[in-house]
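Note that the structure is a prediction, hence the values are computed from the model and not measured. Atoms considered below: every heavy atom in the structure, side chains included; atoms not considered: hydrogens, waters and symmetry mates.
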Amino acid sequence: MDVREATHRVLDAADEQFYERGIQAVGMDAIRSRSGVSLKRLYQCFPSKDHIVAAYLRRRDERWREELAEYVRQHGGSGRHAVLAVFDWLSEWFRRPEFRGCAFVNSFGELGGVSPVVAEAARAHKKAVGDYLRELTGSLDASDPDGLAAQLAVLVEGAIVMAAVTGDLDAARTGRACAEAAIATATR
């Protein structure tokens, strides 16, 4: 098995295990076992668990944001509809059997105070999501597009946390209704 394939398999295993069980609960041996990659090859690809965690979070960020943006492109069109499509996608995501909340909030809650890698990855993800929402609000005739994007970011985050913590699968619909009100107020 070459380094590229081994790296891919290790990250697949880490993604599944970290997201389901938490970073601290998953050791290198569990990742090695799940990936089918020898310990020697694993350490050639990733010199430490911190390196795996950093790569896992980078890849999860890219995939999550790409999937969201693709959904919005396909279902949202532009303007108000694009913004609201974010909440429609969240609603679908919450209903997936593997949904365990936000990997970045989970990781930050677990290790953010002691792991600069995790803290930086979580902050970078939240900033990128906020920037995306700001991009979407740019097509609206909002009096304060930055303020509107900040409100939407709080609604997105709140919906994710409510769905994960309480099991409220309608949290995205509630967030969508709040987003509609915020858009209406901001575009008067």
Atom [atom1] in [X], atom [atom2] in [Y]: separation rounded to 0.5 Å?
X: Q151; Y: T137; atom1: CD; atom2: OG1; answer: 10.5 Å
X: H125; Y: D61; atom1: NE2; atom2: CG; answer: 6.0 Å
X: L42; Y: T7; atom1: CG; atom2: OG1; answer: 9.0 Å
X: F94; Y: F99; atom1: CZ; atom2: CZ; answer: 5.0 Å
X: E16; Y: S35; atom1: CD; atom2: OG; answer: 11.0 Å
X: C178; Y: R173; atom1: SG; atom2: CZ; answer: 14.5 Å

Tell me if a side-chain donor or acceptor on [X] pairs with a main-chain N or O of [Y] at a distance below 3.5 Å.
X: K49; Y: I23; value: yes
X: D15; Y: L11; value: no
X: R176; Y: D88; value: no
X: S139; Y: L136; value: yes
X: S91; Y: F87; value: no

(message) Quick one, Y132 with L68, criterion side chain to side chain contact (heavy atoms under 4.5 Å, CB included). Give me CA distance, side-chain angles, the key distance, then yes/no.
(response) CA-CA 10 Å; Y132 177 65; L68 170 62; 4.0 Å; yes

Without placing hydrogens or testing angles, list every side-chain donor-acceptor pair under 3.5 Å for residues 181-188, not counting sequence neighbours.
| unit_1 | atom_1 | unit_2 | atom_2 | d |
| --- | --- | --- | --- | --- |
| T185 | OG1 | A181 | O | 3.0 |
| T187 | OG1 | I183 | O | 2.7 |

Ignoring hydrogens and angles, write down the donor-acceptor pairs under 3.5 Å from the side chains of residues 75-85, residues two or more places apart or on other chains.
| unit_1 | atom_1 | unit_2 | atom_2 | d |
| --- | --- | --- | --- | --- |
| H75 | ND1 | Y71 | O | 3.1 |
| R80 | NH2 | E180 | OE2 | 2.8 |

(request) Assess whether side chain to side chain contact (heavy atoms under 4.5 Å, CB included) is satisfied between R60 and F104, documenting all intermediate values. (result) CA-CA 9 Å; R60 184 160 275 271; F104 299 90; 4.2 Å; yes

(request) Begin with the C-alpha distance, continue with both residues' side-chain angles, and end with the deciding distance and a verdict on salt bridge (charged side-chain N to carboxylate O under 4.0 Å, His left out) for R73 and E70. (result) CA-CA 5 Å; R73 274 192 296 279; E70 182 60 29; 2.8 Å; yes

(request) Run the numbers on E20 and R100 for side chain to side chain contact (heavy atoms under 4.5 Å, CB included), then give the verdict. (result) CA-CA 7 Å; E20 183 179 316; R100 301 281 183 277; 4.3 Å; yes

(request) Assess whether atom CZ of R4 is packed by more than 12 heavy atoms of other residues, nucleotides or ligands within 6.0 Å. (result)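 12 or below, so no.
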
(message) For a 4.5 angstrom cut-off between non-hydrogen side-chain atoms, does V129 reach R134?
(response)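 Contact flag for V129/R134 side chains = no.
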
(message) Are the side chains of S115 and V53 in contact, using a 4.5 Å heavy-atom criterion?
(response)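 A side-chain contact is absent here, since even the closest heavy-atom pair is not under 4.5 Å.
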
(message) Using a 4.5 Å cut-off between side-chain heavy atoms of Ile, Leu, Val, Met, Phe, Trp and Tyr, which other residues end up in the same hydrophobic cluster as V117?
(response)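 For V117, no cluster forms, as it stays isolated from other hydrophobic side chains.
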
